[in-house]
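Scroll down for the structure; my scribbles are underneath it.
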Amino acid sequence: MPNLDSKDTAKLSKNVLFTVEDTTVPEPKSPTPDLQADRRDLRLQVSRFVYNQPRFDEAYGLCEPGPPLTPWENLKRMARKSFRRKSAKMKCSPRSTYRSLVHWFPILDWLPKYEWRKNAVSDIATGITIGFLNTPQGVAYAILGMAPAVTGLYVSFFPLLVYIVMATSRQCSLGTDSITSMMTSKIVHQFALKPTGNLTNDSALLSRLGLPYTAVEWSQVQVGTAVALMVGIWQLAFGLLGAGGLVVYFSDQLVQGFTCGAAVHVFSSQLKSVFGVKGMQDHFGVLKVIKTWINFFQVIKTTHIPTMITAFIAIIFLVLVKFGLNTSRRVMRVIRVPLPAELFVVIFGTLISAQVGLETNYGVSIIKHIPNGFPMPSTPTFAHMYNTTNPEDGFPTSLLSDTFAIAVVSLCLSITLALLFANQHGYAIDPNQEFKAQGLSKIFGSFFHCFPSSVSVARTAVQNDVGGRTQMVSVVQCAIVAVVIGALGQYMEPLPRACLGAIVMVSVLKLLFQIVQLVRLWHLSLVDWSIFVAVFLGVVILDVDIGLAVGVGW
C-alpha cells in the first residue's frame, strides 16, 4: 500500500502529521462491466506525540509563564481561579440567590416537579422494601463496626435527613455499609475502652444521665462519632475544593478489585460470630486476613455447635431467597418486589430465640440490649483519641490518615454507583455536590451517635431493581426506620448474633464473586487484568487503605 508523494502529504502542525494513503483495489479475474474502472480507497493516518498534561500545556501554550509550579502552588492556583469564577457569578438578585440555593439543595428543584401519579407508587413500594432491608443490616453493620447495635439504626436515619435534601443521585441508598463499618472498627478498637471489671460505676453513672450504654459502649460511640465528624470534614473539603474530577482515576477494574478484596476482609471478620469459637483475637493492619484465618484454624476445635447451626440455617435461607427466588423471573413476575430475606431472618431468629431460649439453654450469644427512643444530641469529642499515659504525644496523626482513607473509599464507591445509575436512567449528577452532601450528612449524624455512613452497593442495586426513581424512596425509608427506633427496637434484643453474622457474610457474596472477572479481563486487556490483581492482592495482603493506594499508583 504505497504512500502518495510529498505533494499529497501536509504537515498541519509541528506535533500532528496527517498522511493520505492510496490503495488500488485489484480487479477480479473476470471483471464485470461495473468493475472495469479502477477504484481507490483513501485512508487518513494521524501521527502525533503521546502527551501528559505538562507536555500538552507546553506544546500548545496553555501553561503560565515562568518556572513550573509545584503541586501545592498548582493547587493554590486552581483554588484562586475557582474562587474568582464563583465570585463573578455571585450577584445580589433573587434569581441568583435561588440558583445558589437550588445548587446546594437540589430538593428545591425536583420536589416541586415531582410526578406523583407516575412515581409515587413505585417510590413508596421501594421505600418500604429498602426500609425493611436497612433495619437488620443497620444492626449487623453496627456490630461489625464495633459499635452498639442501636447506633446502626441511627446511621440509617439521621444522615439521610441531610442527604435527601442535598443529593443529586436518585438511586443511591445512604446508611450503613460493610466496608465503611469494617474500616471504622479498626479505629474504634484502637481508641475505645476495653471491657474490664472496673467500669461498673461508670456504667451506673451513664444510666443516671439517661444514656442507654455501658461505659465501654459509650466510649465506642464517642470514638465512632469523632470518626464520622472527621470523615465528613474531609468529604466536605473535597466538595468545596472541586475534587469531583478525581473520580476519573477510579477505573471499573480498580473499583471491582478493591470491593472484592474488601469483601474478603468483611467475610473473614464474621468467622467468630458464625462459628462461636473461643479465644479468637481481633487482628488489624498488615496481613490482617492471613492472621485471622490462621487464628481461626488454631481455635476451630472450640466451635460452639448451636451457634454454628443457627448461623448455617440463616445462611442457607438467605442464599436460597437472595440468589434463588429473587433472581427467578417466574417468581418476580408474581411477587414483583424482592423478598426481604434479611428481615425474615431477623423476625424468625428473634421469635425462635425468645421461645426456645437460645441464650439461657444453649449458650448462643444474643444482642441483649436495643433501647427505644431517639438519642439526645451531643457534641462529638476527641477525648479518647489522646494518649492518657503520655499526654505529650498529642493528637494521633494516624487518625488523620485513617479517616482520610475512609472518606476516599466511601466517595469512590458512592460516586461509581451514582454515575452508573445516572447513565442508565439518563440524567446527570454533580460529583462535587455529592461530596458535600455526604460530608454534611456525616457531620450532622455525628451529633446523634452515628458512626460514618456510606452508600450501600447492595441496597442501591435493590433500590434500582425494584423501581425507585427519586429520593422520595429515602423519605419512606426514614419513616420505617423511625418507627423501629421509636417503638420496635427492644423487640430485637433476643436476636442471635450468629444471624447478624450470617447477614453480613451473605451480603458480600456478590462482591466476592467479582473475582470471576479476571477470566474475562485476561482475554480483553492485560493492563486492566493487572490493575484488578494489584489492588485485590494489595487490599487482601496489606490492608484496605494501603491496597487502594497501591491500585491508584498502579
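Basis for what follows: all heavy atoms, side chains included, without hydrogens, waters or symmetry-related copies. Because the structure is predicted, anything quoted here is derived from the model rather than measured.
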Considering non-hydrogen atoms only, spot the tightest contact between [X] and [Y] and give its length.
| X | Y | answer |
| --- | --- | --- |
| Val481 | Leu153 | CG1-O, 3.5 Å |
| Asn372 | Gly489 | OD1-N, 3.1 Å |
| Val508 | Ser178 | CG1-OG, 3.9 Å |
| Ala418 | Ile429 | CB-CD1, 3.5 Å |
| Asn432 | Ala243 | OD1-N, 3.3 Å |
| Glu493 | Ile370 | OE2-N, 3.2 Å |

Taking [X] for the side chain and [Y] for the main chain, is one N or O donor matched with an acceptor at less than 3.5 Å?
| X | Y | result |
| --- | --- | --- |
| Asn464 | Thr460 | no |
| Ser328 | Gly324 | no |
| Ser273 | Gly501 | no |
| Gln270 | Phe267 | no |
| Ser185 | Met182 | yes |
| Gln463 | Thr126 | no |
| His265 | Val539 | yes |
| Thr129 | Ala125 | yes |

Answer yes if the side chains of [X] and [Y] hold a donor-acceptor pair under 3.5 Å, and no otherwise.
| X | Y | result |
| --- | --- | --- |
| Ser414 | Gln438 | yes |
| Gln137 | Ser507 | no |
| Gln171 | Tyr427 | yes |

> Centres of the Phe374 and Phe157 rings: under 6.0 Å?
Replying inline: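 That pair passes the under 6.0 Å test.
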> Are Phe404 and Phe238 an aromatic pair by the rule of ring centers under 6.0 Å?
Replying inline: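 Judged by ring-centre distance (under 6.0 Å), Phe404 and Phe238 do meet the cut-off.
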>> Could you walk me through whether Val321 and Asn326 satisfy the side chain to side chain contact (heavy atoms under 4.5 Å, CB included) test, starting with their C-alpha distance in whole Å, then the side-chain angles of each, then the deciding distance to 0.1 Å, before giving a yes or no?
In response: CA-CA 6 Å; Val321 174; Asn326 286 350; 4.0 Å; yes
>> Test side chain to side chain contact (heavy atoms under 4.5 Å, CB included) on Thr135 and Met492; report intermediate values, then the result.
In response: CA-CA 10 Å; Thr135 300; Met492 299 173 62; 4.3 Å; yes
When you compare the side chain of [Y] with that of [X], does any pair of heavy atoms fall below 4.5 Å?
| X | Y | result |
| --- | --- | --- |
| Val188 | Phe451 | no |
| Val165 | Trp104 | no |
| Val139 | Val346 | no |
| Ser378 | Phe447 | no |
| Met505 | Leu271 | yes |
| Met183 | Pro452 | no |
| Asp430 | His103 | yes |
| Thr180 | Tyr141 | no |

To the nearest 0.5 Å, what is the distance between [atom1] on [X] and [atom2] on [Y]?
| X | Y | atom1 | atom2 | value |
| --- | --- | --- | --- | --- |
| Thr403 | Met230 | OG1 | CE | 4.0 Å |
| Leu339 | Leu325 | CG | CG | 6.0 Å |
| Phe284 | His189 | CZ | NE2 | 4.5 Å |
| Ile503 | Lys322 | CD1 | NZ | 9.0 Å |
| Ile443 | Cys450 | CD1 | SG | 13.0 Å |
| Phe132 | Ile347 | CZ | CD1 | 8.0 Å |

>> Applying side chain to side chain contact (heavy atoms under 4.5 Å, CB included) to Leu318 and Val345, what does each step give before you reach the verdict?
In response: CA-CA 8 Å; Leu318 289 168; Val345 168; 3.6 Å; yes
>> Please determine whether side chain to side chain contact (heavy atoms under 4.5 Å, CB included) holds for the pair Tyr163 and Lys442, giving the CA-CA distance in whole Å, both sets of side-chain angles, and the decisive distance to 0.1 Å.
In response: CA-CA 9 Å; Tyr163 188 74; Lys442 290 179 177 62; over 6 Å; no
Of [options], which is the lone residue that meets side chain to side chain contact (heavy atoms under 4.5 Å, CB included) with [X]?
| X | options | value |
| --- | --- | --- |
| Val409 | Asp177, Asp545, Ile179 | Ile179 |
| Val455 | Ser410, Cys172, Ser169 | Cys172 |
| Asp123 | Gln471, Arg170, Arg469 | Arg469 |
| Ile130 | Ile480, Val462, Val476 | Val462 |

> Given Tyr213, which of His449, Gln222, Gln220, His369 fulfils the side-chain hydrogen bond (donor to acceptor under 3.5 Å, both in side chains) condition?
Replying inline: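 When side-chain hydrogen bond (donor to acceptor under 3.5 Å, both in side chains) is applied between Tyr213 and each of His449, Gln222, Gln220, His369, only His449 qualifies.
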>> Please check if the number of heavy atoms outside Phe323 that lie under 6.0 Å from its CZ is greater than 12.
In response: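 It does: Phe323 CZ has more than 12 such atoms within range.
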>> Can you classify the ring geometry of Phe158 versus Phe448 as parallel (below 30°), tilted (30 to 60°) or perpendicular (above 60°)?
In response: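 Geometry flag for Phe448 against Phe158: parallel rings.
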